[in-house]
Every structure is written in C-alpha cells, then in structure tokens.
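In each ligand, atom 1 is the first atom listed, and ligand 1 is the first ligand listed. Start at 1 with the first residue, then count along the sequence. Computation of the quantities below employed the complete heavy-atom set of this structure, encompassing side-chain atoms and omitting hydrogens, waters and symmetry-equivalent molecules. For clarity, every value in this text was computed on a predicted model and none was experimentally measured.
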Amino acid sequence: QAGLLAKELGYKVYAVGGFVRDILLARPNLDIDLVVEGDGIRFAHALSQARQGRVKEHQKFKTAVVVFPDGQRIDVATARLEYYEYPTALPTVELSSIKMDLYRRDFSINALALNLSPGHFGQLMDFFGSQRDIKEKTIRVLHSLSFVEDPTRILRAVRFEQRFNFRIDGQTLRLIKNAVQLNLFSRLSGARIAHELQLILDEENVLECLSRLQDLKLLAAIHPQLHLDADRTRVLMELRKVHDWYRLLYLEPPVNTWKLYMLGLTMGAERDSLELVCRRLRFSDRELREFLALRDLLGESLARLMTWAETQSSMSDIYFALDPLPVEGVLFLMARSRREIMRKNISQYLTRLRTQELLIDGSDLKIMGLKNGPNFARVLRKVRAAAIDGAAVTRDKQVELAK
Ligand code: CTP
C-alpha cells in the first residue's frame with residue numbers, strides 16, 4: 001500500500017535501517033522506518049489518511065511520524081537529491097537520493113533499503129556490502145568520518161556488536177580508538193550520551209556491553225568516575241539477576257532500569273564525583289537531588305542491615321530497614337549483599353512483607369481514643385512489627401496490642 005500511495009504522488013518509497021537488517025537476521029522488529037524519494041511529509045499524510053492515522057511533522061528535518069489507531073508507528077524521512085562534490089576537479093556526481101541517504105547512516109548493517117515501489121517491490125538495495133557484513137557478522141562504518149560526524153555511533157557499535165554477537169571490524173575499531181584519543185565524547189551533549197547509555201542498559205547483554213565499553217576505555221571517556229573495578233563488576237552482574245528476577249515476577253512498581261544500573265555504575269564514588277557524573281549525564285536538578293538522596297538513604301539502610309546481620313534479630317528489622325527505599329534501592333542492596341541469608345530476606349521483603357496489610361487501621365485507633373499524630377505512627381509500627389514477627393497475626397491480637 002505504501003508503494004502504491006507513493007507512486008500516485010510520483011515518489012518512490014523504501015523501508016530502511018534496522019527493520020530491513022532484522023528481516024535478514026530473522027529477528028522481530030516492529031519499528032518501521034520509511035524513506036521517500038519525494039516529499040516525505042506529504043507522503044506521511046497520504047499514508048495516514050489511508051488508514052485513519054495521525055501525523056506528527058518535523059518540518060525542519062522533513063520527517064514525520066504516522067501513528068495508527070492500533071498504536072503502530074511508522075517513521076517517514078525524506079531523501080533529498082543531493083550532489084556529491086569530490087574534493088578534486090572531478091565532475092559533480094548525482095547519486096540517487098536513496099543511496100545518499102543510506103551512505104549517511106551509521107553502519108553497513110543498517111544501510112540496506114527494501115524497495116516498496118510497485119514493479120520493484122521487495123528488491124533489496126545493497127550499495128555498501130551490507131549483506132556480506134551481516135553474513136560475516138561484522139559491524140563496519142561506511143566512511144572514516146562517521147564517528148566524527150556523530151560520536152554516539154561508537155556506543156551504538158558496541159550495542160549492536162553485543163546484541164547480535166557480531167565483531168566490530170578492524171578499521172572501525174581503529175577509528176573508535178582514535179575517537180577516544182581525540183576525546184570526541186567531550187563534544188557530545190550529556191543528554192545524548194545518557195540516551196545511548198539507557199539503550200545499552202535495556203539490552204539483554206547489558207553486562208557484555210558494559211565490559212566491552214570498559215575494555216575500549218569508553219566508560220572512562222564518558223566520565224573517569226564510571227570505570228568498572230572488580231567490586232562494581234560483581235555488583236552489576238548481580239544487578240542483572242535481581243533486575244530480571246523482579247521483572248519476571250511482575251512485581252509493582254516497575255523498576256527503573258536506568259536508576260538501578262546507575263547505582264551500580266557509580267558504587268563507591270564520593271558524593272562530589274557522583275554529582276559530577278550526574279551533571280555530565282544531564283540529570284535535571286530534581287533527578288540529581290533524588291539520586292543523591294537515594295544514596296544517603298542507602299547508606300542508612302545498609303547500616304541497619306549490617307546490624308541485623310550481626311544480631312540476626314527479627315524480620316521486622318529488615319522491613320523497617322528497607323521500607324524508606326524505592327524499589328531500585330532495595331534491589332541494589334539485594335545485589336550488593338554477599339550473604340545468601342540477606343538476599344533471601346530482602347526477596348521476602350519484596351515479595352511478601354512489603355505488601356502485607358495490617359488487620360487494623362487508623363479508624364480502629366480512633367475508636368480506641370487515640371489522636372492522629374506521632375503516636376498513631378508509633379502504635380501502627382509496633383503492630384506491624386508484631387505482625388511480621390508472628391506475634392500478632394489475628395485481628396484480635398493486633399487490636400489488643402494497639403491498646
Ligand atoms: N542511524 C544512524 N546514526 C545514528 C542513529 C541512527 O545512522 N546515530 C540510522 C541507522 O541506519 C538506523 C536508523 O537510523 O538503522 C534508525 O535508528 P534507530 O531506530 O536508533 O536504530 P535501529 O537500527 O532500528 O536500532 P534498534 O534495533 O536498537 O531499534
């Protein structure tokens with residue numbers, strides 16, 4: 001349908017990028033990117049009208065997103081016919097605009113186009129050896145200035161390499177090392193780095209990605225404080241396990257992967273350095289305040305857990321040690337802990353204690369003549385401790401205790 005619509009407008013349309021790559025790799029990918037030889041925005045409107053969608057335009061970049069009623073989104077870009085000037089006196093060559101569009105992309109594996117135009121439907125346009133690189137499992141840039149144009153591509157190279165179990169090709173690797181030496185990352189905005197890091201942290205192979213980033217000195221290039229030592233590596237490995245465990249159980253609230261891994265990546269950093277890392281990654285003032293506060297809370301909770309570990313007192317102590325923390329903090333302490341018993345207790349807290357309801361509430365206390373205030377909280381805390389520790393599991397017992 002897209003091809004026919006384009007033809008009616010006198011355009012050609014192609015599916016490009018990750019969508020085509022993933023077809024060849026037989027991996028699911030629902031993010032469709034189209035490139036139009038013609039007016040991409042006009043085409044987007046035609047496409048949206050045909051299937052009752054909505055269009056969000058970006059006039060400046062001549063791109064648009066079409067969102068359909070079932071939630072599907074299609075990105076549409078315009079390939080402009082451009083003239084490629086050779087530096088010498090050779091004549092200016094007109095390249096087909098789809099070829100130019102593909103040439104500007106990051107890696108050969110992402111530079112394939114699938115022709116959707118009637119008469120050529122399904123024709124694969126491979127100008128840069130993309131199929132060969134996919135077959136040979138190679139990540140390769142299309143030209144030597146690729147990382148200079150956009151240093152975030154360095155992080156993308158590692159992400160794709162680890163995701164597909166490919167290898168970054170030799171020349172591309174040299175360009176990466178060069179880029180590190182030239183400190184190209186310093187030119188990048190924190191927001192763009194943070195975005196790429198977030199994508200990495202969402203990958204299934206997050207640890208392999210992080211350790212490759214470390215080997216290539218890329219973490220230190222983002223900020224020297226982000227280097228991985230043995231302690232951080234161990235905790236990050238555990239973080240992945242507890243993160244996946246928590247998600248598999250569909251526990252609420254959902255965990256913020258970014259916040260969780262940032263705790264691991266910055267573990268042990270002094271407060272001042274931590275602040276610098278966060279600022280480099282463009283945390284807003286509020287995010288920074290919250291992150292620093294979380295670190296302080298973690299320190300307090302950790303101290304209480306250590307006391308518990310020495311005395312092995314009651315489970316309610318675990319509850320009150322963890323209760324002030326958001327879920328990311330609790331998972332972090334679980335990952336950080338070396339003792340099996342402690343990990344087990346923390347998992348008990350997350351799966352059971354945390355949501356255990358008391359059998360009495362504020363209205364019961366009011367009936368008993370208690371006034372709302374600090375007393376209220378103190379009594380409820382006492383009842384909760386008894387409920388958790390098995391001393392007051394019936395309503396009668398809890399009422400009695402409250403009195
Ligand atoms: N692209 C690029 N340079 C970048 C980012 C993107 O050249 N810094 C191009 C690539 O051709 C990529 C396409 O834009 O295939 C779409 O980008 P994105 O959606 O981020 O990449 P995908 O390849 O679809 O990656 P993913 O599978 O992670 O969604």
Side-chain angles (χ1 to χ4, degrees), residues 13-36 40 44 56 58 61-67 72-80 82 97-115 124-131 133-134 137-166 168-169 172 175-176 179 184-185 187-206 208-209 212-213 218 222 257-258:
V13 63
Y14 307 86
V16 295
F19 179 71
V20 186
R21 174 200 70 213
D22 287 344
I23 291 177
L24 295 193
L25 288 169
R27 291 172 70 102
N29 186 337
L30 301 175
D31 296 332
I32 302 181
D33 282 306
L34 299 181
V35 168
V36 177
K56 283 189 242 165
H58 301 280
F61 301 108
K62 294 198 174 14
T63 60
V65 185
V66 186
V67 186
Q72 199 201 355
R73 298 159 58 94
I74 295 186
D75 283 283
V76 180
T78 304
R80 277 154 292 172
E82 290 191 23
S97 41
I98 185 67
K99 185 170 177 183
M100 257 328 271
D101 179 281
L102 295 173
Y103 186 62
R104 281 200 221 92
R105 289 171 184 266
D106 49 4
F107 308 112
S108 61
I109 61 163
N110 291 336
L112 279 166
L114 193 63
N115 201 333
L124 200 57
M125 323 277 287
D126 180 359
F127 302 103
F128 310 108
S130 303
Q131 292 174 90
D133 285 345
I134 289 177
K137 297 173 173 276
T138 303
I139 308 289
R140 190 170 54 82
V141 283
L142 297 174
H143 55 85
S144 57
L145 291 179
S146 192
F147 295 135
V148 178
E149 276 167 16
D150 179 357
T152 62
R153 288 176 172 169
I154 298 175
L155 301 176
R156 290 171 64 86
V158 170
R159 181 157 62 88
F160 291 129
E161 181 190 51
Q162 299 306 315
R163 183 198 293 173
F164 302 130
N165 198 14
F166 280 18
I168 297 176
D169 115 287
T172 302
L175 293 171
I176 290 181
L184 287 188
F185 273 11
R187 287 205 236 143
L188 269 179
S189 80
R192 292 199 66 203
I193 296 183
H195 177 67
E196 285 301 329
L197 262 184
Q198 278 167 10
L199 292 177
I200 284 176
L201 300 181
D202 278 333
E203 288 285 322
E204 208 169 297
N205 290 340
V206 44
E208 290 77 0
C209 286
R212 183 74 158 142
L213 291 178
L218 293 167
I222 295 172
T257 307
W258 167 240

Q: Flag the pair V35 / V13 as yes when at least one side-chain heavy-atom distance between them is below 4.5 Å, and no otherwise.
A: no

**Q.** Ligand-side contact atoms (ligand 1) for residue partner T152, heavy atom cut-off under 4.0 Å
**A.** 8 (N)

Q: Report the part of D33 (side chain from C-beta onward, or backbone N, CA, C, O) that has a heavy atom under 4.0 Å from ligand 1; answer both or neither where that applies.
A: side chain

Q: May I ask you to decide if the ring planes of F160 and F164 are parallel, tilted or perpendicular, using 30° and 60° as cut-offs?
A: parallel

Q. Should the proximity of R105 to ligand 1, defined as any heavy atom under 4.0 Å, be assigned to the side chain, the backbone, both, or neither?
A. both

Q. Considering only heavy atoms of F160, which atoms of ligand 1 have at least one such atom less than 4.0 Å away?
A. 23 (O), 25 (O)

Q) Should you measure from each heavy atom of D150, which atoms of ligand 1 turn up under 4.0 Å away? A) 4 (C), 8 (N)

Q) If you take all heavy atoms of N165 and K137, which pair is closest and at what distance? A) O-CD, 4.2 Å

Q: Check the surroundings of atom CD in Q72: do more than 12 heavy atoms from other residues, nucleotides or ligands lie under 6.0 Å from it?
A: yes

(Q) Starting from atom 17 (O) of ligand 1, what is the nearest protein heavy atom, named by residue and atom, and what distance separates them? (A) R156 NH2, 3.8 Å

Q. Which ligand 1 atoms, with their elements, are less than 4.0 angstrom from a heavy-atom of R159?
A. 28 (O)

Q: Can you pull out the closest protein heavy atom to atom 3 (N) of ligand 1? Residue, atom name and distance to 0.1 Å, please.
A: R153 NE, 3.1 Å

Q | Within reach of ligand 1, part of R163 (heavy-atom separation under 4.0 Å) | A | side chain

**Q.** Ligand-side contact atoms (ligand 1) for residue partner G17, heavy atom cut-off under 4.0 Å
**A.** 15 (O)

Q.
Return the closest protein heavy atom for atom 24 (O) of ligand 1 as residue, atom name and distance.
A. G18 CA, 3.8 Å

Q: Would you mind checking which non-hydrogen protein atom is closest to atom 29 (O) of ligand 1, with the distance to 0.1 Å?
A: D31 OD2, 4.2 Å

Q.
Give me the nearest non-hydrogen protein atom to atom 23 (O) of ligand 1 as residue plus atom name, then the distance to 0.1 Å.
A. R21 NH1, 2.9 Å

Q.
Hydrogens and angles aside, do T172 and R140 bring a side-chain donor and acceptor to less than 3.5 Å of each other?
A. no

Q. Does D106 approach ligand 1 within less than 4.0 angstrom via side chain, backbone, both or neither, non-hydrogen atoms only?
A. both

Q) If you draw a 6.0 Å radius around NE2 in H143, do more than 12 non-hydrogen atoms from other residues or ligands fall strictly inside? A) yes

Q: Specify side chain, backbone, both or neither for F147, according to which of its non-hydrogen atoms lie closer than 4.0 Å to ligand 1.
A: neither

Q. Is there a side-chain contact between F127 and Y103 (heavy atoms, below 4.5 Å)?
A. no

Q: Would you please say whether a donor-acceptor pair under 3.5 Å links the side chains of S130 and D133?
A: no

(Q) Take a 6.0 Å sphere around CZ of R73 and say whether it holds more than 12 heavy atoms from other residues, nucleotides or ligands. (A) no

Q) Among side-chain atoms of N110 and R21, is any donor-acceptor pair under 3.5 angstrom? A) yes

